[in-house]
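First comes the structure, then the notes that go with it.
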Amino acid sequence: GGALRLAAGAAMAVGGAASGEAIVAVLLVPAGIALGLPALLRLSPGGTLRAAPGVPAAIAGMALLNMAFFGAEAFVPLMITSVRDASSLVAGLALTASTLSWTAASWVQERAGGRVTRRAFVAAGFALVAAGIGITSAALAEPVPVAVTAAGWTVAGAGMGLAYPSISLLVLAGMSSGEEGAGAAALKLNEVLGAALGAGAGGALVALGDARGWETAALALTFGALAAVAVLGLRVAPRLAAGTATADVAM
């Protein structure tokens, strides 16, 4: 029941914001928040919304990480093909480069996990995601080569490769014996919700801008807001347990 209320509340809030109609937004967004927020609180560990130290901060960090990265990624192809009039091949190459850097960074954090704390990897990951979004959004300006999007999104992908697996391991390591399933469920719930809210809120803003003839400005504002979400994640990172690969194995 809680999961259904959360899904319905999120759909109402995002749908109302994306409707483009003020009266619809005024009715649906508050109603969606009122319906979904209590369910989210029940389905997440206590203190998640305020990023309390330990597991709650890790789960909140995962929501912010996915909101920033996947929210921005949803608009990278649109920027390349619509604003810069480049081909879909260029957009595909940018996303592929991000996938490769994510994989490479995951390999790095696994190999260096015994010498660098998971908390440090998460902080570095958030910093790279914020920087990657900023670099990518620079291509909204005509004088900037469109190839910059691939470079920027490669940086963002590397940030995900460092932070994503580190947060997942910190959550599992921080759960009491027998509660790993509940921790994994809460982690996945906040992960998916963060990505949906990032893309949904950004989509609402871009749709509003497109309807009024300022699509480029709306995209710039969207990228800026999502980069700010990644910066907020930097504030959450110090609240995570330190954790190392050695500790993960011992656990």
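We number each residue from 1, following the sequence as shown.
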| said: side chain to side chain contact (heavy atoms under 4.5 Å, CB included), that's the test. Do Val206 and Phe75 meet it? Break it down for me. | reply: CA-CA 9 Å; Val206 170; Phe75 304 103; 4.0 Å; yes
Pairing residues for [X] by the side chain to side chain contact (heavy atoms under 4.5 Å, CB included) criterion, not counting sequence neighbours:
X      : value
Ala123 : Leu234, Ala237
Leu93  : Leu89
Leu221 : Leu205
Val148 : Ile135, Val144, Pro145

| query | According to the side chain to side chain donor-acceptor pair (under 3.5 Å) rule, which pairs have a member within residues 47-68, sequence neighbours left out? | reply | none
| query | Can you list the residues that meet the salt bridge (charged side-chain N to carboxylate O under 4.0 Å, His left out) rule with Glu215, with sequence neighbours excluded? | reply | none
| query | How would you list, by chain and number, every residue that makes a salt bridge (charged side-chain N to carboxylate O under 4.0 Å, His left out) with Arg239, sequence neighbours excluded? | reply |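 For Arg239 there are no salt bridge (charged side-chain N to carboxylate O under 4.0 Å, His left out) partners, ignoring immediate neighbours.
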| task | Kindly indicate, with the supporting measurements, whether the criterion side chain to side chain contact (heavy atoms under 4.5 Å, CB included) is fulfilled by Met160 and Glu73. | result | CA-CA 12 Å; Met160 290 296 288; Glu73 186 179 62; over 6 Å; no
[X] to [Y] - nearest heavy-atom pair and separation:
X      : Y      : answer
Ala58  : Val171 : CB-CG2, 3.6 Å
Val129 : Ala230 : CG1-CB, 4.1 Å
Pro56  : Gly46  : CG-O, 3.3 Å
Ser98  : Ser101 : O-OG, 3.0 Å
Thr81  : Ala91  : CG2-CB, 4.4 Å
Val55  : Pro45  : CG1-CG, 4.4 Å

Distance check, rounded to the nearest 0.5 Å: [X] atom [atom1] versus [Y] atom [atom2]?
X      : Y      : atom1 : atom2 : result
Leu78  : Thr222 : CG    : OG1   : 9.5 Å
Thr154 : Leu128 : OG1   : CG    : 11.5 Å
Glu191 : Phe70  : CD    : CZ    : 7.0 Å
Arg111 : Ser106 : CZ    : OG    : 11.0 Å
Ile167 : Arg119 : CD1   : CZ    : 13.0 Å
Thr149 : Ile80  : OG1   : CD1   : 3.5 Å

| said: Using the rule given for side chain to side chain contact (heavy atoms under 4.5 Å, CB included), can you reason through Met62 versus Lys188, listing the C-alpha separation, both sets of side-chain angles and the distance that settles it, and then say yes or no? | reply: CA-CA 9 Å; Met62 182 64 88; Lys188 178 58 68 174; over 6 Å; no
Please check if [X] and [Y] belong to a single hydrophobic cluster, counting links between Ile, Leu, Val, Met, Phe, Trp and Tyr side chain heavy atoms closer than 4.5 Å.
X      : Y      : answer
Val231 : Leu197 : no
Ile133 : Val83  : yes
Leu49  : Val192 : no

| message | Treating Arg84 as the side-chain partner and Met79 as the backbone partner, does any N or O pair qualify as donor plus acceptor under 3.5 Å? | response |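 No.
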| said: Within the 4.5 Å heavy-atom criterion, are Glu110 and Pro165 side-chain neighbours or not? | reply: no
| request: Evaluate side chain to side chain contact (heavy atoms under 4.5 Å, CB included) for Phe126 paired with Val122, printing each intermediate quantity in order. | output: CA-CA 6 Å; Phe126 272 116; Val122 173; 3.6 Å; yes
| Those residues that, when tested against Tyr164, pass ring pair (Phe, Tyr, Trp, His ring centres under 6.0 Å) (two or more places apart) |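 Residues passing ring pair (Phe, Tyr, Trp, His ring centres under 6.0 Å) with Tyr164: Trp102.
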Compile the donor-acceptor pairs under 3.5 Å between side chains in residues 23-40 and protein atoms, sequence neighbours left out, one pair per line.
none

| Co-members of the apolar cluster containing Leu100 [side chain, <4.5 Å] | none
| query | Can you list every pair that meets ring-ring contact (aromatic ring centres under 6.0 Å, His included) and has a residue in residues 130-158, with sequence neighbours left out? | reply | Phe69-Trp153
| message | I'd like to check the side chain to side chain donor-acceptor pair (under 3.5 Å) partners of Asn190; sequence neighbours left out, ordered by chain and number. | response |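 Only Ser44 meet the side chain to side chain donor-acceptor pair (under 3.5 Å) criterion with Asn190.
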